[in-house]
Chemist: 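Just passing along the structure, written as C-alpha cells.
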Amino acid sequence: MTFDVIVYSTTNCGYCVLMKNFLNEQNIHYKEVNIQEKPEFVQELMAATGRLGVPQTNINGNWVLGYDPNSAMKIIQQLTTTYKRNGELQ
C-alpha cells in the first residue's frame with residue numbers, strides 16, 4: 001500500500017529527523033519539503049494548519065503536527081482499514 005506523505009521540515013530540526021526516521025522504520029515513503037529552501041510553502045502550511053512549526057506531516061490529507069508518531073500511526077491504521085474495507089488494498 002502506498003500513502004501520499006509529505007514531511008515539511010527545516011534544515012536543523014531534530015524533531016523532523018525523528019519523524020522521517022519513524023516513517024522510514026515503518027517503510028512509508030514520503031516526500032520532504034524543506035521550507036527554508038522553499039519558503040513559498042510557508043503560506044501553504046499556514047493556510048492548512050494555522051501553524052509554522054515543523055515538522056508538519058501530511059498523510060493523505062490528514063495532518064500530524066510536530067513529532068507525533070502515535071497520531072501518524074492512528075492515521076495510517078485508519079487509512080489501511082478503509083482501504084481494506086473498500087477492497088483497494090492489494
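This chain uses plain numbering: 1 for the first residue, then up along the sequence.
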Chemist: For residues 12-38, which residue pairs pass the salt bridge (charged side-chain N to carboxylate O under 4.0 Å, His left out) check, not counting sequence neighbours?
Modeler: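 For residues 12-38, and leaving out neighbouring residues, the salt bridge (charged side-chain N to carboxylate O under 4.0 Å, His left out) pairs sorted by first residue read Lys20-Glu32.
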
Chemist: How many angstroms lie between CD1 in Ile75 and CD1 in Ile59, if you round to the nearest 0.5 Å?
Modeler: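 That separation rounds to 5.0 Å.
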
Chemist: Check whether Leu18 and Ile76 end up in the same hydrophobic cluster, where Ile, Leu, Val, Met, Phe, Trp and Tyr are linked by side-chain heavy atoms less than 4.5 Å apart.
Modeler: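 Both belong to a single hydrophobic cluster.
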
Chemist: If you compare all heavy atoms of Phe3 against all heavy atoms of Thr80, which two are closest, and at what distance to 0.1 Å?
Modeler: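 Here Phe3 and Thr80 meet closest at CZ-OG1, 3.7 Å.
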
Chemist: I'd like a table of donor-acceptor pairs (distance under 3.5 Å, sequence neighbours excluded) in which one partner is a side-chain atom from residues 42-52, with atom names and distances.
Modeler:
from, atom 1, to, atom 2, distance (Å)
Glu44, OE2, Tyr8, OH, 2.7
Thr49, OG1, Leu45, O, 2.9
Thr49, OG1, Arg51, N, 3.2
Thr49, OG1, Arg51, O, 3.4
Thr49, OG1, Gln56, OE1, 2.7

Chemist: Could you state the interatomic distance from CG (Asp4) to CD1 (Ile28), rounded to the nearest 0.5 Å?
Modeler: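 It is 12.5 Å, given to the nearest 0.5 Å.
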
Chemist: For Gln36, which residues count as a side chain to side chain donor-acceptor pair (under 3.5 Å) partner, sequence neighbours excluded?
Modeler: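 Thr11.
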
Chemist: Could you walk me through whether Val5 and Asn58 satisfy the side-chain contact (heavy atoms from CB on, under 4.5 Å) test, starting with their C-alpha distance in whole Å, then the side-chain angles of each, then the deciding distance to 0.1 Å, before giving a yes or no?
Modeler: CA-CA 5 Å; Val5 180; Asn58 188 307; over 6 Å; no

Chemist: What pairs meet the disulfide bond (SG atoms under 2.5 Å apart) rule with one or both residues in residues 21-87, with sequence neighbours excluded?
Modeler: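 Matches after skipping sequence neighbours: none remain.
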
Chemist: Pairs in or reaching into residues 11-56: which pass disulfide bond (SG atoms under 2.5 Å apart), with residues at least two apart or in two chains?
Modeler: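 Residue pairs passing disulfide bond (SG atoms under 2.5 Å apart), neighbours aside: Cys13-Cys16.
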
Chemist: Which residue pairs pass the ring-ring contact (aromatic ring centres under 6.0 Å, His included) test with at least one member in residues 13-33, sequence neighbours excluded?
Modeler: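 Those involving residues 13-33 do not exist here.
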
Chemist: Under the rule for side chain to side chain donor-acceptor pair (under 3.5 Å), what residues qualify as partners of Asn60, not counting sequence neighbours?
Modeler: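 With sequence neighbours excluded, Asn60 shows a side chain to side chain donor-acceptor pair (under 3.5 Å) to Tyr83, given in chain and number order.
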
Chemist: Flag yes if Tyr67 and Val64 sit in one hydrophobic cluster, no otherwise; membership is Ile, Leu, Val, Met, Phe, Trp, Tyr, and two members link when side-chain heavy atoms are under 4.5 Å apart.
Modeler: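 Yes, it is one cluster - the side chains of Tyr67 and Val64 are joined through contacts under 4.5 Å.
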
Chemist: Of all residues at least two apart in sequence or in a different chain, which pass the side chain to side chain donor-acceptor pair (under 3.5 Å) check with Asp68?
Modeler: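 With sequence neighbours excluded, Asp68 shows a side chain to side chain donor-acceptor pair (under 3.5 Å) to Ser71, given in chain and number order.
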
Chemist: Scan for disulfide bond (SG atoms under 2.5 Å apart) pairs involving residues 38-72, sequence neighbours excluded, and state none if there are none.
Modeler: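 Those involving residues 38-72 do not exist here.
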
Chemist: Is there a path of hydrophobic side-chain contacts, each under 4.5 Å between heavy atoms of I/L/V/M/F/W/Y residues, joining Met19 to Leu79?
Modeler: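 Yes, because Leu79 and Met19 connect within a single hydrophobic cluster, where side-chain heavy atoms sit under 4.5 Å apart.
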
Chemist: Considering only residues two or more places apart or on different chains, which pairs with a residue in residues 18-70 satisfy disulfide bond (SG atoms under 2.5 Å apart)?
Modeler: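 For residues 18-70, and leaving out neighbouring residues, there are no disulfide bond (SG atoms under 2.5 Å apart) pairs at all.
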
Chemist: Using the ring-ring contact (aromatic ring centres under 6.0 Å, His included) rule, collect all pairs that involve residues 40-61, keeping only residues at least two apart or in two chains.
Modeler: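 Sorted result for residues 40-61: empty, none.
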
